[in-house]
There are 2 protein chains.
Amino acid sequence: MEYSTKETSEKYSNITSLWRANSSSSSVIDAEFLHCSNPRSELDTLVPVNTSQVSCFIGGCVGPQNSLKENDKIEKLSGQPEGVDFKQYSGYVTVDPIAGRALFYYFVESPQGSASKPLVLWLNGGPGCSSLGGGAFGELGPFRVNKDGTLHSNQFSWISEANIIFLESPAGVGFSYTNTSSDYNFSGDSTTARDSYTFLVNWLERFPEYKASDFYLTGESYAGHYVPQLAQLILMHNNHPKKTIISTINLKGLAIGNAYVDFESNMKGTTEYYWSHALISDELYNKIISTCNFSTPSSASKKCNAYLDQIDEEIGNIFLYNIYAPLCNNRSLSSTSISEVDPCLPSYIQSYLNVPEVQKAMHANVTNLPYPWESCNSTLNLSWKDRPLTVLPLLHQLMKSGLRIWLYSGDMDAVVPVTDTRYAIKKLKLPVKTAWYPWYLQGEVLTKNSAYASVQVGGYVEEYENLTLLTIRGAGHFVPTYQPNRALAFFSHFLSGKLLPKE
Amino acid sequence: MEYSTKETSEKYSNITSLWRANSSSSSVIDAEFLHCSNPRSELDTLVPVNTSQVSCFIGGCVGPQNSLKENDKIEKLSGQPEGVDFKQYSGYVTVDPIAGRALFYYFVESPQGSASKPLVLWLNGGPGCSSLGGGAFGELGPFRVNKDGTLHSNQFSWISEANIIFLESPAGVGFSYTNTSSDYNFSGDSTTARDSYTFLVNWLERFPEYKASDFYLTGESYAGHYVPQLAQLILMHNNHPKKTIISTINLKGLAIGNAYVDFESNMKGTTEYYWSHALISDELYNKIISTCNFSTPSSASKKCNAYLDQIDEEIGNIFLYNIYAPLCNNRSLSSTSISEVDPCLPSYIQSYLNVPEVQKAMHANVTNLPYPWESCNSTLNLSWKDRPLTVLPLLHQLMKSGLRIWLYSGDMDAVVPVTDTRYAIKKLKLPVKTAWYPWYLQGEVLTKNSAYASVQVGGYVEEYENLTLLTIRGAGHFVPTYQPNRALAFFSHFLSGKLLPKE
């Protein structure tokens, strides 16, 4: 559920395809199943085993990481601007040495006082989409890619507040790979959570100075599945009675943007959003509402499916991730005006990450993958093994653990729209702790000849018992892309555990 | 229901105030009542009378207009750009010589082939707002006002398609005035329709070359009342058996943007819009839906009113006429970026129209009004005499007359939102003639270093029997301000009676 034009977005995430996806389970992910029952890796049988090279724990192993950190250091990214005052690393972390499965990450340290700042993992969704193509180079990372293949600084990068790992997960996404192609037959929520956890404990061996840091999981879209599932795994390992090998991960909280957490809420929420945002007709809306039963995919009727098929036709060719943005659909070129968001950014990123010099500088693609880097892997998406219908019970369980949990939402997104998130939270039946209010931020008002600094509504907040809903006004699915200033304000307040300002 | 910052918008049009307005009638406006029963003007008793100076008809009089056209010619507007290739006129038309009531207009001829192009009257709403402050200088006229008090050309002005009269109506709005202050006690829908009609027949005497032109009524917001009421009056006079003095007006159609036509639909539509656009909480939304009965204002309960009062607080300080636009709320000044719409435009217009040199060039304020020109007259709005709860039956009646009727809607407006228009049309129970589809337009995609010409979805169309709904994607209440290109495409297709392109 990530970056793409309309065509790709259809492959990934339109509600028709989700509806028809054969979901293997309608319940919350079973954590034990994650660790012990998946036949993918022989290493599971080694629990708990120690050798001189590899220490294994329930579900994975920690390999030797000596000197790998220095190897991962990025000297300079191709086309980066002058005056870079932070450290960057990237490379592979093996998550299964027998299968030859390795996940690619890009890590950026905060320019000032990185040692005392929290560690944050960022995950893009899909399933099948890259955190390099989304988060790092398109949203909250230190650089954005220009049309000419150079980079410019993102003054609202989240690295001012935290040290951030962008992980391409699972294998098959972006530069992440496996040498055992049958692995892909098992790609799904369970294996993704396990590999991401294995990545994390290995990465912390490589960067041991961050072992004690406050740690946060963040992401967007289908990371609505990834983040809580990974959080559950971390808590389970932290609290495991037989735990001996791996350190406790100091997980403090989760923040997920335009989070896909509940099938029924998404179906209801998108339908409602389409109608209220004038994307579909009264007639089709009424047909869907009166015909479709969104409680499970299996209850979809033929008639309902036929109506769902009409949605695309009625909406036409718009970028569903930001319904008001233009498409990157160039015919002829002139050179006149300036706007903030270039709708062709994803294609610049795709070009950039396929430049051999860039890959070399990033220690990426060391195995000479037989395919180019792509923002999203549609094959992986379509063959996804397990996709629970809801993670709401899991979220509910995590809420009781004392984690800080924020769901944020850009209000111009029609893929996992704010109405979806509202319906999902409604299902949780949570008591309100701080009533809904508009939050304010000093922001720029751009005019033809000047820019005013001005206080504007950045969005809205409602704090529930153990969960906070926060909207970002005027942002699409990729929140920091469209509203970098507001997104950074949200992130900074999330990390500090303070609600956003009322005035 | 026009231009204003949040504070003024509250005065004009927030749903709480509308709810509480004492509406004198819940039925459609009675056309006969309009003409004969209103005690405002003694001229009503003169029907039908001819003198050498004044010819009267049912409800008004035609005064001598000789040589007034040339007097109204604008030589040059202060600060206008070079190369103006069209004629402009402005001045007063007396609508009641005894009371001394005169309406101000600004008329712009189409640069090429004006004689063969239609004549269009544009009306802003409020009630109490100026068509100079809105339509002419802020939306669809040939010029927009710069911060420094100069003008720049609007390349998407509607004058490329038609000769356009911008009318400040009724007396008390903008430069329009009366010398009989008690007239203001009767300001309302009925008197506005009558005076606008009287204006029109007098104006056509002044510009007789347009008497046979195809004529269209356009406007926005509360012009949802004005336009159909004026249309009804025109048709009634055209068809009046005793008609002797005035010519037939060649009325062909109506187009109204974000039209306020039905109280109940507006209440339902705004509530729904607020929720689905994440401006208010689930809690407040549910309270309003379960408590309020929107069928008549008198059925409002105390409890409902209390909930409605909370709306403003929950929404906070945003520009309700375009929920994603920044406020003009400057604190400090820098000079960096460029965007298309300057949120401070209304204040530039206000300054411009109060410059004595500008007023002189426009033949405005000839009586030295004791107050400055303002975009909206809030006193007039608050003392509005008659405000029927619905004009849907009137619209229905007009639909049968063969007029072309288009309702268009900018989808970012929360004051008369697209959901309001959808609910209103639903009430009409019309058969669908052309099913909902996205319409496409060659438009600009602006990027950091260049602009691509590209085909984008401009909005959506649904054609019903005798009525067309058209949305303009990414536009607020003042549609041509925010999406000038898309708005012009709509206008041009409306005039030609062709639906917008499917591809």
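Residue numbers start from 1 in every chain, and the chains themselves are labelled A, B, ... in the order their sequence lines are given, proteins ahead of strands. Heavy atoms only: backbone and side chains are in, while hydrogens, waters and symmetry mates are out. Keep in mind the model is a prediction, meaning the values are calculated, not measured.
Contact of A/Ala435 with chain B is not made at all, since no heavy-atom distance falls under 4.5 Å. Contact of A/Tyr423 with chain B is made through the side chain alone, with heavy-atom distances under 4.5 Å. Looking at B/Glu314, both its backbone and its side chain come within 4.5 Å of chain A, counting heavy atoms on both sides. Residue contact with chain B, scored on non-hydrogen atoms closer than 4.5 Å, involves the backbone and the side chain of A/Trp275 alike. Residue A/Leu279 touches chain B through both its backbone and its side chain, counting heavy-atom pairs closer than 4.5 Å.
Within 6.0 Å of atom CD in A/Glu503, 12 or fewer heavy atoms from other residues, nucleotides or ligands are found, so the atom counts as exposed in its surroundings.
The shortest side-chain heavy-atom distance between A/Trp436 and B/Gln310 does not fall under the 4.5 Å cut-off.
Most heavy-atom pairs under 4.5 Å with chain B, from the set A/His277, A/Glu462, A/Lys502, A/Lys426: that is A/His277. When the candidates B/Ile425, B/Val432, B/Ile280 are compared by the number of heavy-atom contacts under 4.5 Å with chain A, B/Ile280 comes out ahead.
Side chain of B/Arg473 to backbone of A/Ala278: no donor-acceptor contact under 3.5 angstrom is found. Although no hydrogens or angles enter the test, the distance criterion places no donor-acceptor pair under 3.5 Å between the side chain of B/Arg422 and the main chain of A/Ser276. Distance alone, capped at 3.5 Å, places no donor-acceptor pair between the A/Tyr460 side chain and the B/Gly316 backbone.
Summarising the geometry of B/Val457 relative to A/Ile315, their closest heavy-atom pair is CG2-O, 4.5 Å, with the distance given to 0.1 Å.
Ring geometry for B/Tyr324 against A/Tyr324 counts as tilted: the plane angle lies between 30° and 60°, on a 0 to 90° scale.
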